[in-house]
Amino acid sequence: DPKIIQKPKYLVAVTGSEKILICEQYLGHNAMYWYRQSAKKPLEFMFSYSYQKLMDNQTASSRFQPQSSKKNHLDLQITALKPDDSATYFCASSQGDRNERLFFGHGTKLSVL
Amino acid sequence: AQSVTQPDARVTVSEGASLQLRCKYSYSGTPYLFWYVQYPRQGLQLLLKYYSGDPVVQGVNGFEAEFSKSNSSFHLRKASVHWSDSAVYFCVLGDSNYQLIWGSGTKLIIKP
């Protein structure tokens with residue numbers, strides 16, 4: 001059974017709309033992350049949270065907002081979607097907040113038309 | 001500035017042959033290094049990691065990597081590949097602030 005659940009697996013959105021990507025981890029980890037993987041770029045770190053607090057934000061745009069309602073949840077809200085946002089978004093977690101070993105979900109593939 | 005270079009975007013190897021995937025890093029401090037693998041339509045999984053000590057580290061599924069400070073390299077090796085090793089492999093550098101710098105990945109294709 002997957003220990004990091006991302007929903008949905010696939011998502012199609014229209015330009016200008018808003019979507020929320022869901023991530024739940026059942027590993028008992030204290031740190032969670034969002035990464036983006038697009039066709040033309042290497043894996044790109046976006047955010048890290050530790051004990052539900054933002055630790056690092058490498059995303060320039062405020063259109064991307066992580067939301068942590070529980071320790072094991074880290075959702076990603078994306079507003080005013082653009083075609084360039086099309087990518088696969090991976091959620092990850094680790095026991096500590098020092099990136100010793102990351103566990104990844106299977107990703108949400110977002111296509112913005 | 002720190003960086004990770006995986007010079008080969010794609011590597012094709014015959015099943016049963018040996019494998020080396022190259023990774024070069026640039027970092028002035030003492031790095032810690034990882035290899036992650038991404039199987040088709042899945043998330044990434046840790047293969048192995050190096051923090052210190054023996055420069056040859058063993059990972060899962062028969063993979064190993066060798067750290068070379070003089071060459072600033074952390075190449076991944078396997079003695080005999082299997083078709084199930086087809087995947088994308090990422091070399092990752094960790095710095096003293098625990099930030100991760102990811103390589104662009106190498107797609108491994110196994111020929112029957």
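Below, chains carry the letters A, B, ... as their sequence lines are ordered, and counting in each starts from 1.
- Heavy-atom neighbours of chain B within the stretch residues 15-37 of chain A, taken at a separation under 4.5 angstrom, comprise A:Y35, A:Q37.
- Rounding to the nearest 0.5 Å gives a distance of 7.0 Å between CZ of A:R101 and NZ of B:K49.
- Under a hydrophobic clustering in which Ile, Leu, Val, Met, Phe, Trp and Tyr are joined whenever their side-chain heavy atoms come within less than 4.5 Å, directly or via other members, B:L76 and B:L46 fall into different clusters.
- Environment of NZ in B:K107: sparse, with no more than 12 heavy atoms of neighbouring residues, nucleotides or ligands closer than 6.0 Å.
- Taking hydrophobic clusters as Ile, Leu, Val, Met, Phe, Trp and Tyr residues chained together by side-chain heavy-atom distances below 4.5 Å, B:V60 shares a cluster with B:Y50.
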B:Y36 and A:L102: CA distance, side-chain angles, deciding distance, side chain to side chain contact (heavy atoms under 4.5 Å, CB included) verdict: CA-CA 9 Å; B:Y36 279 83; A:L102 298 179; 3.5 Å; yes
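- Atom CG of B:L100 and atom OG of A:S94 lie 9.0 Å apart (nearest 0.5 Å).
- With hydrophobic clusters built from ILVMFWY side chains whose heavy atoms lie under 4.5 angstrom apart, B:L47 does not share a cluster with B:Y32.
- Under the 4.5 Å side-chain heavy-atom criterion for grouping Ile, Leu, Val, Met, Phe, Trp and Tyr, B:V88 is not connected to A:Y89 through any hydrophobic cluster.
- Residue B:Q6: no heavy atom, backbone or side chain, is found under 4.5 Å from chain A.
- The number of heavy-atom neighbours closer than 6.0 Å to CG of B:D54, taken from other residues, nucleotides and ligands shown, is above 12.
- Taking 4.5 Å as the heavy-atom cut-off, the residues of residues 43-56 of chain A that approach chain B are A:L43, A:D56, ordered by number.
- Distance CZ/A:F90 to CD/B:Q42: 10.0 Å, rounded to 0.5 Å.
- Cluster annotation: A:F104 and B:L93 are assigned to distinct hydrophobic clusters (Ile/Leu/Val/Met/Phe/Trp/Tyr, side-chain heavy-atom contacts under 4.5 Å, transitive).
- Neither the backbone nor the side chain of A:I4 comes within contact range of chain B; no heavy atom of the residue lies under 4.5 Å from a heavy atom of that chain.
- How far OG1 of A:T88 is from CD of B:Q38: 8.0 Å, rounded to the nearest 0.5 Å.
- In the displayed structure, B:K24 atom NZ is contacted under 6.0 Å by more than 12 heavy atoms of other residues, nucleotides or ligands.
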